[in-house]
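One structure is given below, encoded as structure tokens.
First listed ligand is number 1; within each ligand, the first listed atom is number 1. When reading the values below, keep in mind they use all heavy atoms of this one structure, side chains included, and skip hydrogens, waters and symmetry mates. Here the structure is a predicted model, which means the values were calculated and not measured.
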Amino acid sequence: MTLSRKPGTLYVVATPIGNLGDISQRAIQVLTDVDLIASEDTRHTGKLLRHLGIGTPLTSYYREREQHKAALLLHRLHAGEDIALVSDAGTPGISDPGSVLVRLARENNIPVTAVPGPSALTAALSTAGLTGSSFYFGGFPPARQEARRKYLASLVALPCPLLFYESPHRIGKCLADCLQVLGDRSALLFRELTKLHEECLQGSLSQLVRRCEQRIRGELVLIIHPAAETVQERPEDLDGLIRWYRDEAGSSLKDAVRRISSDLGVSRSRVYQQALVIWNECGQPAQQPEDGHDKSGQSC
Ligand code: SAM
């Protein structure tokens with residue numbers, strides 16, 4: 001370590017959340033140029049660095065030892081070394097370690113700069129089609145049911161969408177609590193963003209609860225609309241009504257065809273032809289109207 005009066009810079013570097021092609025040119029440059037990379041899991045980051053052909057030394061920086069490691073890294077920054085902070089995936093400090101070192105660096109007048117890039121939060125947010133400008137990001141809801149319900153109850157009145165990270169083995173219970181505490185709101189469940197099996201399950205919370213009775217794999221982001229947006233005005237044209245029965249009422253194709261035909265006085269066969277086209281907009285094959293199955297959540 002060289003002693004220098006000019007402190008080094010702490011770079012907070014975002015890394016891919018699934019698709020390695022999402023690493024930025026600047027991230028590659030910074031990871032190559034810094035003296036040290038502080039990483040949540042050195043084995044995990046080691047794989048990324050090998051893929052990129054980068055040989056920068058690594059040191060671990062994980063939640064349980066954040067305080068201790070932050071002090072050591074601060075010392076090296078003071079000595080003039082440039083350090084990049086990375087987490088396993090996405091942006092450090094967002095439901096990931098990082099904040100302790102960043103705060104310590106700022107308190108000690110060490111330059112801190114972001115190398116922005118992937119985050120499951122922004123990936124979900126930007127593809128959810130939300131119309132308002134505000135949202136509430138809740139990170140991971142508490143794991144214990146009592147604490148989770150209490151936490152959700154504190155969010156009931158928020159007039160903006162709620163975003164959560166959740167693990168696949170807890171998503172069923174979490175959705176059931178959301179339904180019970182927040183009511184049957186519209187929601188989107190993003191799975192495996194930027195990866196091969198990326199999908200978005202969309203529907204009411206009760207539909208998503210049913211969908212999650214089957215096993216859900218992969219990484220998940222849940223977005224729940226505010227209560228006020230859940231009840232959409234019913235459109236009066238054929239296409240709008242089909243989408244409304246599909247998205248808002250959560251009807252089966254069979255029910256939607258029957259009701260729209262009677263609402264608009266249009267023949268069932270005409271409604272059925274058009275409903276087939278629209279039902280398939282989300283990439284999910286429509287069930288035959290004869291089968292009578294309810295659809296639970298659509299894959300968009
Ligand atoms: N710092 C990361 C970021 O900026 O996205 C988040 C880290 S947090 C420990 C990990 C959680 O993020 C996962 O449990 C999941 O909820 C969400 N997540 C990460 N990658 C994802 C992906 N490809 N698709 C969906 N959710 C993802």
Residues R258 and R268: closest non-hydrogen pair is CG-NH2, 3.1 Å
**Report entry** Pair E40, Y61: side-chain N/O donor-acceptor within cut-off below 3.5 Å
**Finding:** no
Pocket residues around ligand 1 (non-hydrogen, under 4.0 Å) come out as I17, A89, G90, T91, I94, S95, D96, S119, A120, F140, Y165, E166, E192, L193, K195, E219, L220, V221
So side chain to side chain donor-acceptor pair (under 3.5 Å) across residues 16-31, not counting sequence neighbours, yields Q29-D33
side-chain contact (heavy atoms from CB on, under 4.5 Å) test vs I54 passes for just one of T45, L48, V34, I28, namely I28
Legend entry - Heavy-atom side-chain contact between R217 and R191 under 4.5 Å: yes
Review point. Tell me, do L121 and V221 make a side-chain contact under 4.5 Å, heavy atoms counted?
Key: no
